[in-house]
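Below is one structure; the comments refer to it alone.
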Amino acid sequence: MPKTLLHRSALTLLLLTSASQLPALGQADPIKFGKPDLADFDAKNFIADSAAEAVVLCDFGRTRFETGSGDFKLVFERVTRIKILKKSGYDWATVKVPLYKKGSNEEKISALRGFTYNMVNGQLVKEKMASDATFMEQQTTNNFIRKFTLPNVREGSVIEYTYTVNSDFLFNFQDWQFQYYIPVRWSEYRAAIPEYFDYKQLFQGYEPLAVQERNEGITQFSFSQGGSFIEGASASWGSNARIGPSSTTVTPRVTNYRWAMKQVPGFRDEPFMTTSKDYVARVDFELAGVQWPGQAYESVAGSWQKIDDELLNHESLGSQLKRGGFLKAELAAITAQHSDPAARAVAVHAMVRKAVKHNGTDWMLSTGSLKHIYDQHTGNSADVNLMLIAALRDAGLEANPVVLSTRSHGRLTETMPLMSSFNYVVAHVALPGNQELMADATDALLPFGMLPTRCLSGTGRLLMPGTGKSRWVSLTPTQRYVNYHQVHLTMDERGGMKGKVHQENGGYAALDQRENLVKKGEKKFMEDMAKTHEGWTIPTYAFKERETLHKPLTLDYEFTAPGADAPAPTLYLNLLRHFSAERNPFVHEERRFPVDFAAPFDETVQLNITLPAGYEPEEMPKPTAVKLPEDGGVFTYQAAASTGSIQIMSRMTLRRAVYSAEEYTYLREFYSRMLAKHAEQIVLKKKS
């Protein structure tokens, strides 16, 4: 045996071997399963966490490589200990472990154990999780969840569990999340990665790492002869391997990583945000490539071109679009009636909306043939929207699929080609004059050219036949949240009011109001509106454009509101509060991630007040204008008096759908100043 190889073998035994590995960087494990700390049962140690429902005391995981049957595999081990503080925290005793399966290969969980600890009459009582407390739940064809629940959980309990996941899928390196909705006292992840594998590490979040270490050592892996890995690579190992009659041993360099966070605050949901998965502190891994000794680097990361081609040829996506034609009679009638392409597209969209109902499931792949879906009159979002694309094509229009990630699915990263980034598909329609529109037929109240709010998530991938033709398209809508109120009211000397209101809701505000109207019905809709205005009675009302989806929903109504028991020499008016927001949605002083409204806003209120005879304004609010930096928005307010009346105009415009965390302070102040102006009173005095 060469001297260098002997030296490496000795070093292997000192550092890491496939049979027994020392902790990364020589650090002891931060937690010992089965040995809880008695201090964790003392309530005074959790005073700082009194608002939390539970606390992660320690969460420790590590991933390493092992060998078997001539191939590498991943081994992930985890130990977690949690303190339950409130009944609302009992859900943390139910744990879900994601597992992947493809063909005959599947990830397997082993060494699963769990305990619940309770302090009873000064004695620590330990209860073991029963073997029948676990079960498997299938999510998709390839994705499963192993779920288990710890026993006898109560306020003050400490629970802990441990398990190992063995995986043959080297692309599925375990990610790690440091932050949750509850505080985390210590979270640590270790990874030992041989030099043959190139994994991208993608960190996100706003919490600092308490530990970030790496070093290199040498480890030893043994393979039985005949495995696919050995057959494909052993010829080029050179002096880095010992090949025997029944096994091969290799000694690659291994990089040992250690990351940890301490005292991580619980993640706080904020108004106007996408999923928390986009912002919590975590690290994700993607296998970019492999390089065996003596061989060139081989990229295994996907490319967008590969993904484009795969989706365009996928049996449940692109291939379905080639199987239209069963709607020829319906589409022929539409084509004959509408020569204008835009009007024809609107008519096709309406036909599909009525023909197939969305069953509530969102996905980018169809569940069967489009003909079968049409006959069933129901399907998931892909069934509905792929049928829309096929029908638009059969009607002579240029239509193609756009795949995207919904707001709840998580942010899509254009620099990371992964098919799993997508979970939804909509239609892209090219019209004359270089006009491009996107459409979705899953919502009976959604007009052509608008996407559901859940789809307003940055960018999507337009799938076009032909190499290099597919491209990214913006999902930022041209439609806005539009709210308009025109109010004419008359006041009496007791402060009572009688008024007429013309209300218009356009764009996404119209969609919201139409959905609310369908859900409640007109009578309940108006009853609930009256309840938000103390003392109001609404005797008459009328809705218009309920079914004309591309137009604003209009509502005209009359209202009365009682005043005091007797006339007052001074009246105080604060009327804008009835027709605009009353509270600032941004209550916290700082925010660490963007404000995402999904669409721009435009809110206008016009008030014309007829004063009681003999009264005149003594105090009037001054006009104001508040602007956001970079032309991000503006609020204007004006109040003017004329003989016997007062006119008020308030308008708020937010010109962008998304504002950065750095702009949050300005946005919060913008709302504060607007609401302060709305709260200013008009003082009326009776003439002497």
Side-chain angles (χ1 to χ4, degrees), residues 308 311-358 364-404 424-452 455 460-466 469-471 473 475 477-479 547-551:
D308 297 339
L311 289 174
L312 283 169
N313 293 300
H314 199 290
E315 172 67 21
S316 298
L317 202 153
S319 294
Q320 288 296 328
L321 300 176
K322 303 170 185 176
R323 299 170 186 164
F326 54 88
L327 295 172
K328 285 184 178 180
E330 293 88 341
L331 294 172
I334 289 175
T335 303
Q337 183 179 358
H338 300 285
S339 58
D340 176 64
R344 191 186 312 164
V346 171
V348 172
H349 181 257
M351 182 205 74
V352 173
R353 281 200 335 266
K354 294 175 182 176
V356 184
K357 303 301 181 186
H358 181 211
M364 67 172 178
L365 301 178
S366 67
T367 57
S369 73
L370 296 185
K371 177 64 167 64
H372 177 73
I373 301 302
Y374 181 78
D375 292 339
Q376 295 295 314
H377 302 296
T378 185
N380 69 16
S381 61
D383 295 326
V384 176
N385 286 331
L386 291 176
M387 183 172 298
L388 172 63
I389 297 167
L392 289 166
R393 288 180 175 182
D394 287 345
L397 298 166
E398 183 182 343
N400 291 286
V402 172
V403 286
L404 56 87
Y424 203 91
V425 61
V426 297
H428 176 279
V429 187
L431 296 173
N434 295 321
Q435 187 180 13
E436 297 184 5
L437 295 174
M438 276 179 279
D440 181 292
T442 61
D443 191 329
L445 300 173
L446 192 71
F448 177 77
M450 274 182 68
L451 294 181
C455 295
R461 186 76 176 170
L462 172 60
L463 302 178
M464 300 281 287
K469 296 292 183 66
S470 297
R471 57 186 169 90
V473 291
L475 301 175
T478 57
Q479 300 85 1
E547 309 298 329
T548 314
L549 302 183
H550 65 280
K551 291 185 178 181

Backbone N/O of [Y] and side chain of [X]: donor-acceptor pair under 3.5 Å:
X      : Y      : value
Asn400 : Met464 : no
Ser366 : Asp383 : no
Gln320 : Ala390 : no
His377 : Ala355 : yes
Asn385 : Ala441 : yes

Quick check for you: to the nearest 0.5 Å, what is the distance between [X] atom [atom1] and [Y] atom [atom2]?
X      : Y      : atom1 : atom2 : value
Lys469 : Leu312 : NZ    : CG    : 12.0 Å
Arg323 : Leu370 : CZ    : CG    : 8.5 Å
Asp308 : Asn313 : CG    : CG    : 10.5 Å
Asp443 : Lys357 : CG    : NZ    : 10.0 Å
Leu365 : Leu311 : CG    : CG    : 7.5 Å
Ile334 : Met351 : CD1   : CE    : 5.0 Å

Can you see which heavy atom on [X] is nearest to which on [Y], and at what distance?
X      : Y      : value
Ala427 : Leu388 : CB-CD2, 3.9 Å
Glu330 : Tyr374 : OE2-OH, 3.3 Å
Val426 : Cys455 : CG1-SG, 4.3 Å
Asp394 : Leu331 : CB-CD1, 3.3 Å
Leu392 : Ala399 : CB-CB, 3.7 Å

- Set of side-chain contact (heavy atoms from CB on, under 4.5 Å) partners for Leu437, sequence neighbours left out: Leu431, Gln435, Phe448

So do the side chains of [X] and [Y] get within less than 4.5 Å of each other, counting heavy atoms only?
X      : Y      : answer
His358 : Ser381 : yes
Leu549 : Glu547 : no
Thr442 : Tyr424 : yes
Leu317 : Leu463 : yes

- Task: Output all residues satisfying salt bridge (charged side-chain N to carboxylate O under 4.0 Å, His left out) with Glu436, sequence neighbours left out; order by chain, then residue number.
- Result: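 Glu436 satisfies salt bridge (charged side-chain N to carboxylate O under 4.0 Å, His left out) with Arg471 once adjacent residues are dropped.
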
Under 3.5 Å, side-chain donor or acceptor atoms of residues 338-349 against the rest of the protein: list the pairs with distances, not counting sequence neighbours.
unit_1 : atom_1 : unit_2 : atom_2 : d
Asp340 : OD2    : Ala342 : N      : 3.3
Asp340 : OD2    : Ala343 : N      : 3.0
Arg344 : NE     : His338 : O      : 3.1
Arg344 : NH1    : Ala395 : O      : 2.9
Arg344 : NH2    : Ser339 : O      : 3.2
His349 : ND1    : Arg353 : NH1    : 3.0
His349 : NE2    : Asp440 : O      : 2.8

